[in-house]
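What follows is a single structure, written as structure tokens, with notes after it.
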Amino acid sequence: MIKRIIKFKEVSSTQDTAKRFIHKQEEVAVSSLRQKRGRGRHGRTWISQPGGLYLSLLLFPRTRLTSIPLLASLTIIKVLEDYDFSKLSILWPNDVLLNNRKICGIICEQYNNAIICGIGLNVNIENFPRNLSNATSLKIESGRDLDTNGIVKQIIGRFNPLYNELQKQGLKIKEVLNYIVGIGKSVEIITSKGVIKGTVHDIDDDWALLLRDHIGMIRKFYYGDVRRLSW
Ligand code: BTN
């Protein structure tokens with residue numbers, strides 16, 4: 001359970017700042033107004049200008065490590081619903097979409113018994129570089145500026161009870177399944193063992209992704225990144 005938010009104006013990456021707190025073995029959140037070297041998945045850069053929300057949750061989960069990315073996605077959905085946004089969906093397990101465009105990216109990095117879950121939410125960003133044509137922000141979608149610090153607090157407020165439930169009761173939070181997009185669509189899954197192409201068959205009761213591969217076999221993935229193929 002996160003009881004403390006440590007705020008910075010500028011850091012290299014909140015992921016690295018959070019890492020420095022691991023030795024204290026305390027679950028904390030680190031936020032910053034901007035990052036000099038924000039990072040995304042697959043070694044990509046996460047452009048981190050002022051106006052975005054940059055947050056890392058330092059966690060010591062006892063169980064269900066592989067569910068943390070999806071839990072973070074569900075948290076963001078709940079927070080954005082609190083702010084009256086709709087048309088929200090999750091591209092399993094890491095990306096939150098608003099109107100089918102990426103509004104939030106999540107990266108989870110593991111260091112022994114610690115997981116640092118990094119959340120980048122496009123809050124008041126007004127435009128994106130051309131190569132990020134599928135990105136959007138809350139400001140672009142709603143026409144209004146939102147208080148980034150207020151959203152950070154709300155994220156922690158929404159995350160804590162879901163996280164407690166996940167740790168105590170296991171995967172009873174079925175609600176997440178309502179938000180998943182991509183069933184029946186072609187994707188590739190990038191895991192540490194390689195890239196596998198197929199069609200999303202379903203999401204299992206334990207939040208794993210079921211993929212039908214090219215020979216029709218159903219394969220189960222507890223983690224990995226999904227890349228959409230032509231949809
Ligand atoms: C992705 O979609 O590739 C994941 C992006 C994650 C970005 C966040 S911003 C806060 C935290 N600090 C970082 O350097 N990265 C994550």
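Positions are given from 1 along the sequence. The figures that follow rest on heavy atoms only: side chains count, while hydrogens, waters and symmetry mates do not. Quantities reported herein were computed from a predicted structural model and do not represent experimental measurements.
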May I ask you to test the [X]-[Y] pair for a side-chain heavy-atom distance under 4.5 Å?
X	Y	result
Val200	Val181	no
Ile155	Leu55	yes
Phe159	Ile119	no
Ser56	Thr17	no
Leu88	Ile76	no
Val226	Phe221	no
Gln167	Thr63	yes
Ile5	Ser31	yes

Using a strict cut-off of less than 4.0 Å between a Lys/Arg side-chain nitrogen and an Asp/Glu carboxylate oxygen, indicate whether [X] and [Y] qualify as a salt bridge.
X	Y	value
Glu175	Lys78	yes
Lys220	Asp206	yes
Arg39	Glu109	yes

Within the distance-only criterion (no hydrogens, no angle test), does the side chain of [X] pair as donor or acceptor with the backbone N or O of [Y] below 3.5 angstrom?
X	Y	value
Asp213	Ile215	yes
Glu141	Thr136	no
Asn122	Ile125	no
Tyr222	Ser67	no

How many angstroms lie between [atom1] in [X] and [atom2] in [Y], if you round to the nearest 0.5 Å?
X	Y	atom1	atom2	result
Asn99	Arg101	CG	CZ	8.5 Å
Leu132	Lys102	CG	NZ	9.0 Å
Ile151	Leu53	CD1	CG	6.5 Å
Glu27	Tyr163	CD	OH	3.5 Å

Report task. Compute whether any side-chain donor of one residue and acceptor of the other, for Ser137 and Glu126, lie under 3.5 angstrom apart. Result ->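 No.
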Query - Apart from Ile22 itself, residues in the same hydrophobic cluster as defined by side-chain heavy atoms under 4.5 Å - result: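 Same cluster as Ile22: Ile6, Phe8, Val11, Phe21, Val28, Val30, Leu58, Phe60, Tyr111, Ile116.
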Query raised in the report: For Asn178, does the CG atom have more than 12 heavy-atom neighbours from other residues, nucleotides or ligands under 6.0 Å away?
Result: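 Counting other residues, nucleotides and ligands, CG of Asn178 exceeds 12 neighbours.
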Query raised in the report: Counting only heavy atoms not in Phe85, do more than 12 fall under 6.0 Å of its CZ?
Result: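 Enclosed.
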Query - Cluster link Ile2 to Val152, ILVMFWY, side chain under 4.5 Å - result: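 Yes, it is one cluster - the side chains of Ile2 and Val152 are joined through contacts under 4.5 Å.
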Report task. Take Arg41 and Asp95, measure what salt bridge (charged side-chain N to carboxylate O under 4.0 Å, His left out) needs, and give me the verdict at the end. Result -> CA-CA 11 Å; Arg41 301 193 302 273; Asp95 287 338; 3.2 Å; yes
